[in-house]
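Start at 1 and go down the list; that is how both ligands and their atoms are numbered. Given the structure is predicted, the values throughout are model-derived calculations rather than measurements. Numbering starts at 1 and runs along the sequence shown.
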Amino acid sequence: MKKQWWHEKVAYQIYPKSFMDSNGDGIGDIQGIISKLDYLEKLGIDILWISPVFQSPMVDNGYDISDYYAIDPMFGTMDDMDQLITEAKKKNISILMDLVVNHCSSEHPWFQEAMKNPEGPYGEFFYIKDGKDGKAPTNWRSYFGGSVWEKLPGHDNKFYLHSFAKEQPDLNWENPLVREKIYEMICWWLEKGLGGFRIDAIMNIKKDLTWENLPADGPDGMADVYKVSQRVSGIEKFLMEMKERCFDPYDAFSIGEAMFLKEDNIKNFIGENGYFSSIFAFEPCHAYRKGKNYKEYVWPQPFKEWREETFHNQKIIGNTGFEANIIENHDQPRGASLFIPEEDYGFHSISALATILMCQRGLPFLYQGQEIGMCNRRWKLSEFDDLETMSQYQVAVEAGYSSNQALEICRHHSRDNARTPMQWNDKEYAGFTAGIPWLPVNENYKEINVEKQEVQYGSVLNFYRRLIAFRKSEKYKEILTYGDFKPLYQEEESIFAYTRELEEKKLVLICNFSGQPAEITLTEDYENVIFVNYQQTTMIGKKLQMKPYEVVVLE
Ligand code: GLC
Ligand code: CA
């Protein structure tokens, strides 16, 4: 495999609204990020993905862009952005911005023009179609609930398509002019010295141009719009073009939000000449949902399903490329809450989860606050901000749940769990802002915060630092990056174990992911214990006696 500059890196995602507020308006901003670059450097981060900071009406927190060439004043100025890129570069940190090009904002001038004159050139920038007898052209359901079709204001029988909120009209990728505009914009940003992009919702850019109804999958008579993208072919033309025109010339790192990939497509996406450098491994995080509908979701994530999905993913990717391994992001509940039963939450369980993640094959991708073990918050209904959560609540109530049950479901699943302000210290509002934060801080900030963990050798934060340093150490980085992955001890109830192998070298990770002790009879000899989360490892002959949530890496 040809080596790439990003192969041995560790990445970190920032949700700018909630990371650090520099001017006391309660909203995180670019200067806030700059002020924490030392912190990120010390953690060992090389690649920083910043969720959208472009000009936006913020219906979906910046995933609705009204000007791709402007920074939203809420986050700062273009000078701030340039400064961030420059300062980060001094620390060998590459910045990724969020490329949201499946849709823009309904306030983008393109859409404003399209509304005025749908027959004109900007009408062709979107999918505008006549209704069927006054009704929506198809029965597709948007990701945030309700039809993907909305009446075009001021026009009787015209509808425009939006896969997400109605304020996020989908761009028409079939139109070569739209693609030109997008590529031009990507290159403009890369010229500034970005490391690359995370590419939002990209599997949705190819539509089914036959505009057929799909078999209904709910009482509303509609069908989820993601099924459309699964049915159609032809997306590869767009993705290849974008790669060749934009990413290749800049040797940029590109990571796609691509889900539901068929096995035989992996090579096309992240192989040597794939459309993207990498894609996120969502399947292990979504194991609790697999094959189930909303009502049957299990909480927390069932161990066996998670392990199985991880092994399956590792197997089908093999040495084809690198997926990015995550336990959480801004669209998910907190990983510590999802993967660990509440009564077991603590240093050992969190550090075990971290080690399992970080030693797999693939690019480790952290989300802000993960490194201190931030977890879900106990919400009141009125405190939620996210529009998807509102629709989750509605769906649950309509499915016959009581309001309390529906609230409980949202408490587990809401994206707002990941979006509470970063917990920097035990002062008011966790040191995130001198004003009033836009979203409530998690009440546990006095216990869980950066400042407190800084000074404790045995904190989650310092553990993450050692773990990242281990992953990037001269001695082990080759094997941890390129080594083959093989599952181990799969017949054991609560053991998550695998090997990494490169030429003559072999590492074995064994984790007892449960609150009960466990004993494992080793099948092979080992030379060294090289990484642990307990001070002592108990080995009697070939028997490894494991404490709750103990993890060991052997050589
Ligand atoms: C992606 C983003 C999510 C956003 C959606 C629409 O899934 O991660 O936050 O709401 O796309 O842009
Ligand atoms: Ca601010």
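- Every side-chain contact (heavy atoms from CB on, under 4.5 Å) that S35 has, sequence neighbours left out, goes to M20.
- Residues that satisfy the side-chain hydrogen bond (donor to acceptor under 3.5 Å, both in side chains) test with E212, not counting sequence neighbours, are absent from this structure.
- A salt bridge links D217 with R141: the closest approach of a Lys/Arg side-chain nitrogen to an acidic carboxylate oxygen falls below 4.0 angstrom.
- Taken to the nearest 0.5 Å, the CE atom of M203 stands 13.0 Å off from the OG atom of S163.
- In this structure, K192 places its NZ atom where more than 12 heavy-atom neighbours from other residues, nucleotides or ligands lie under 6.0 Å away.
- Under 3.5 Å, the side chains of Q168 and D64 contain no donor-acceptor pair of N or O atoms.
- There is no side-chain donor-acceptor pair under 3.5 Å between N265 and E236.
- Below the 3.0 Å limit, the Ca ion (ligand 2) has as protein N, O or S neighbours D21 OD1, N23 OD1, D25 OD1, I27 O, D29 OD2.
- Taking the six-membered ring for Trp and the full ring otherwise, the centers of F280 and W49 sit less than 6.0 Å from each other.
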One pair per line, please: each N/O atom of ligand 1 matched with every protein N/O atom under 3.5 Å away, atom names first, then the distance to 0.1 Å.
{"residue": "ligand 1", "atom": "7 (O)", "partner": "E257", "partner atom": "OE1", "Å": "3.1"}
{"residue": "ligand 1", "atom": "7 (O)", "partner": "E257", "partner atom": "OE2", "Å": "2.9"}
{"residue": "ligand 1", "atom": "8 (O)", "partner": "R198", "partner atom": "NH2", "Å": "3.0"}
{"residue": "ligand 1", "atom": "8 (O)", "partner": "H330", "partner atom": "NE2", "Å": "2.9"}
{"residue": "ligand 1", "atom": "8 (O)", "partner": "D331", "partner atom": "OD2", "Å": "2.4"}
{"residue": "ligand 1", "atom": "9 (O)", "partner": "H330", "partner atom": "NE2", "Å": "3.0"}
{"residue": "ligand 1", "atom": "9 (O)", "partner": "D331", "partner atom": "OD1", "Å": "2.7"}
{"residue": "ligand 1", "atom": "9 (O)", "partner": "D331", "partner atom": "OD2", "Å": "3.4"}
{"residue": "ligand 1", "atom": "9 (O)", "partner": "R415", "partner atom": "NH1", "Å": "3.3"}
{"residue": "ligand 1", "atom": "10 (O)", "partner": "D60", "partner atom": "OD1", "Å": "3.4"}
{"residue": "ligand 1", "atom": "10 (O)", "partner": "D60", "partner atom": "OD2", "Å": "2.5"}
{"residue": "ligand 1", "atom": "10 (O)", "partner": "R415", "partner atom": "NH1", "Å": "3.1"}
{"residue": "ligand 1", "atom": "11 (O)", "partner": "D200", "partner atom": "OD1", "Å": "2.9"}
{"residue": "ligand 1", "atom": "11 (O)", "partner": "D200", "partner atom": "OD2", "Å": "3.1"}
{"residue": "ligand 1", "atom": "12 (O)", "partner": "H103", "partner atom": "NE2", "Å": "2.9"}
{"residue": "ligand 1", "atom": "12 (O)", "partner": "D200", "partner atom": "OD2", "Å": "2.9"}

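- Under 3.5 Å, the side chains of Q368 and H330 contain no donor-acceptor pair of N or O atoms.
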